[in-house]
Amino acid sequence: MDTIIGELNHYFWGYILLYGLLGVGIFYTLRLGFLQVRYFGHFFKVLFSSTKEDKEGISSFQALCTSLASRVGTGNIAGVAVALNLGGPGAIFWMWVVAFLGMATAYAESTLAQLYKIHDDKGQFRGGPANYIKAGLKMPFLAHLFAISLILCFGLIFSAVQSNSIAVALQAAFTIPPWATGAILVAVSGLVIFGGIRKIAHVAEWIVPFMATAYVLIALYVILVNITEVPAIFGEIFGHAFGFESAAGGATGGVMAAMMNGVRRGLFSNEAGMGSAPNIAACASPDPHHPSSQGFVQAFGVFIDTIVICTATALIIMLSGVYEFHGMLTGTALTEAAVDVHIGDLGSYFIALAVLFFAFTSIIGNYSYAENAMMFLEHGWKPGILLLRIGALAMVFWGTLQAVSTVFNLADAAMGFMATINLFAILLLSPKVSYLTKDYLSQLNAGKVPHFDIAEHKELTGDVAEGIWTEKRNTI
């Protein structure tokens, strides 16, 4: 079994996704005319104009925080360290490249999720790739395969991976036994998960900005204290990326190693094109009232995850001096040792708490995606959500007690499968993305507040659910 899973991951992550995600990112960057550059300032305007939820959906800000809860995880602490260890400083440059291209992909998939969203039996917005594959491509079987893969990966296995990271970090820093960590995590996660999407969004709205700000502030402190060394650090990053300097320590393989590791860790961290974030993007009531506005918000999420937080980790490590001996350390241990250099023994406690917050919010963020997918699969079978919640919490506890390498490889395979399906879908649906983008930008450039009423777009009425894109907005 391990051999089969390993072979699948080799093809998914070594070929299909590595080139597929990059290719789709380049395609959308060109097709949308470098939207992420020309309208970068508009990202902020859209984000802060939509901070209120209504009876049908959560706010765009809550949707962003929930997607960041999933995106910003232990990969931002351990993953960057691994990229440096295996690919050298040049890997950071290629993470930036992936994020730049991924912003266009994230825009596309979340715009589609908004267009094809539906109402659940409580009148609240639901949707995601499964919905736009079924409604937009008329491929219900493929949509069901996607939903099953997402539930397996994000709803169950990744819960164990994240809780395992928390248990290891808390045992090392505070000598808390794993079973106790598991029991507490199940209790706290259960309070949030059983509250549904709105409860998850409310929790994420408070925790995510706090944890991200605290982490970035530590990085800013490190940068200011070592400001004279910062230009040389950026020189190393660019120099190694293009082979002008040879990598030291544990990094091997020169430019190709930098590229491959930077691309892989970047794709894994920001999730653009994976089909995960669109599940929560579909739950938002966007302001302006247009599918593209949530696309702008989720594109900004990729920027925050990789350009801001991953770069913060990279600078903390490279400015510490510990990096020169990084062949002996990797993952969380390398980041922890670097923070210790900058702020003393408190560094270990800070990283342990960062892992706690990052991984906990990933658990609830990942679950929110799985709940949307289960809604798609249920077809009126009510126990589905309850079973998913119990299963997710059971995996949280199990993960604190186990080595999760095998199931983590299985999660990689499931995620590779769902990402491949999603890339196929958003490529075929690219004319719809282009159409919506032109409509939004034409209104914006004419000085209007963009608005989308399905009655004015007859070519889309056959695919889009009734009662979604109308003038009516119910506030609470």
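Hydrogens, waters and symmetry mates play no part in the numbers below; they use all other heavy atoms, side chains included.
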To the nearest 0.5 Å, what is the distance between [atom1] ([X]) and [atom2] ([Y])?
{"X": "Met418", "Y": "Leu145", "atom1": "CE", "atom2": "CG", "answer": "12.5 Å"}
{"X": "Leu101", "Y": "Leu30", "atom1": "CG", "atom2": "CG", "answer": "9.0 Å"}
{"X": "Thr175", "Y": "Leu170", "atom1": "OG1", "atom2": "CG", "answer": "10.0 Å"}
{"X": "Asn372", "Y": "Tyr367", "atom1": "CG", "atom2": "OH", "answer": "10.0 Å"}

Can you tell if the side chain of [X] reaches within under 4.5 Å of the side chain of [Y], non-hydrogen atoms only?
{"X": "Phe43", "Y": "Met103", "answer": "yes"}
{"X": "Phe194", "Y": "Leu393", "answer": "yes"}
{"X": "Tyr215", "Y": "Ile77", "answer": "yes"}
{"X": "Ile468", "Y": "Phe125", "answer": "yes"}

### Message
Pairing donors with acceptors under 3.5 angstrom, does anything connect the side chains of Lys117 and Tyr132?
### Response
no
### Task
Scan His119, His289, His290 and name whichever one has a ring-ring contact (aromatic ring centres under 6.0 Å, His included) with Trp469.
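Answer to the ring-ring contact (aromatic ring centres under 6.0 Å, His included) test with Trp469 among His119, His289, His290: His289.
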### Message
I need the single residue from Tyr440, Phe303, Phe44 that forms a ring-ring contact (aromatic ring centres under 6.0 Å, His included) with Phe296. Which is it?
### Response
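Going through the options one by one, the only one that passes is Tyr440.
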### Task
Would you mind listing every salt bridge (charged side-chain N to carboxylate O under 4.0 Å, His left out) that reaches into residues 136-161, with sequence neighbours excluded?
Lys138-Asp463
### Query
What residues, two or more places apart in sequence or in another chain, satisfy side chain to side chain donor-acceptor pair (under 3.5 Å) together with Thr437?
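Only Tyr107 meet the side chain to side chain donor-acceptor pair (under 3.5 Å) criterion with Thr437.
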### Query
Are there more than 12 heavy atoms of other residues, nucleotides or ligands under 6.0 Å from atom OH of Tyr349?
no
### Query
Closest heavy-atom contact between Glu371 and Arg126?
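Shortest heavy-atom separation between Glu371 and Arg126 comes out as OE2-NH2, 2.9 Å.
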